[in-house]
Amino acid sequence: MKVDTRDYVTRLRKWLDAAPTSVEDARLLRVLKISEELGEVAEALHRALGANPRKGASHDWGDVAKELADVIVTAVVALDSVSGDGATVVEQQLQGRVEEEITAAGDIRLLQVLAISGDMGAIANAVYGALGTGARGEAVEITHTWEDVEARLGLLILTAAAALDDLTGDAWDTVDERLRFLVARVAA
């Protein structure tokens, strides 16, 4: 990610922090928002492939790329809410991987989106474990830390970046463009 990405992520997080909610609720809502954005990727993918005859092929691969960038931006903001410095966590995870592992992830059409969905499940399990809460709100043993949540958010970001890179050839430039757009919209 580029240097100004940190500033954009911080601005978006601070803008969201202005909403009246607890820190814990903010973390949960921001992680949950990733699922919403992932649903938009699925919708764009279905429509780009014309997989729903009732709705037709109303999207293209550019729409899928935009939605993948939104997943990444949303995940980095969520990660920033959990860790205090989401961009650094992502950069550390990137440093731990070989370039070929990130960009040679394969065809975006279905498998990578499913992998992102699997990452979302791992994040949900880690959040439950960090809170000591079961899926129905019952108290359970604390099995995870917020650092575990950070790690899983970072993996989701890398999975989505690999998918976006397959579409655009430069995932991080696409993410930076989307961040600039969102920050300008927030500032307006």
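What you see is a predicted model; the values in this text were computed from it and never measured.
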Nearest heavy-atom approach of Gly62 to Asp60 is N-OD1, 2.9 Å
Nearest heavy-atom pair of Ala161 and Ala171: which atoms, and what distance? O-CB, 3.3 Å
With rounding to the nearest 0.5 angstrom, report the CG to OG1 distance, Leu68 to Thr159. 11.0 Å
With a 4.5 Å cut-off on side-chain heavy atoms, are Val73 and Leu12 touching? yes
Do the side chains of Glu36 and Lys33 get close enough for a salt bridge, i.e. N-O under 4.0 angstrom? yes
Please report the interatomic distance CZ(Arg13) to OG(Ser81), rounded to the nearest 0.5 Å. 6.0 Å
Could you tell me the separation between the CZ atom of Arg178 and the CD1 atom of Ile72, rounded to the nearest 0.5 Å? 12.0 Å
Group every Ile, Leu, Val, Met, Phe, Trp and Tyr by side-chain heavy-atom contacts under 4.5 Å, then state whether Trp15 and Leu182 land in the same group. yes
Output the distance between atom CZ (Arg27) and atom OG1 (Thr21), rounded to the nearest 0.5 Å. 12.0 Å
List, one per line, each side-chain donor-acceptor pair under 3.5 Å for residues 38-45, sequence neighbours excluded.
residue : atom : partner : partner atom : Å
Glu43   : OE2  : Arg47   : NH2          : 3.4

Sub-4.5 Å side-chain heavy-atom contact between Asp63 and Glu67: no
Heavy atoms only: give me the nearest Ile116-Leu156 pair and the separation to one decimal. O-CD1, 3.8 Å
Ile157 CD1 to Leu79 CG distance, which is reported to the nearest 0.5 Å: 5.0 Å
With no hydrogens and no angle check, is any side-chain donor or acceptor of Asp148 less than 3.5 Å from a backbone partner on Thr145? yes
Is it possible for you to say whether Phe181 and Val76 belong to one hydrophobic cluster, with membership spreading through side-chain heavy-atom contacts below 4.5 Å? yes
Going by heavy atoms in the side chains, are Tyr128 and Ile123 under 4.5 Å from each other? no
Look at the side-chain heavy atoms of Ile, Leu, Val, Met, Phe, Trp and Tyr, link any pair under 4.5 Å apart, and say whether Leu179 and Leu16 land in one connected group. yes
Could you tell me which non-hydrogen atom of Arg30 sits nearest to which non-hydrogen atom of Thr74, and how far apart they are? O-CG2, 4.1 Å
A quick test of your reading: do over 12 heavy atoms of other residues, nucleotides or ligands sit less than 6.0 Å from NE2 of His46? no
Under 3.5 Å donor-acceptor, Ser35 side chain and Val31 backbone: no
Leu28 and Leu131, any side-chain heavy atoms less than 4.5 Å apart: yes
Determine, using the 4.5 Å side-chain heavy-atom cutoff (strictly less than), whether Leu29 and Val71 are members of one ILVMFWY cluster. no
Look at atom CD of Glu138 and say whether more than 12 heavy atoms of other residues, nucleotides or ligands are closer to it than 6.0 Å. yes
With heavy-atom distances below 4.5 Å as the criterion, would you say the side chains of Ile34 and Leu153 are in contact? yes
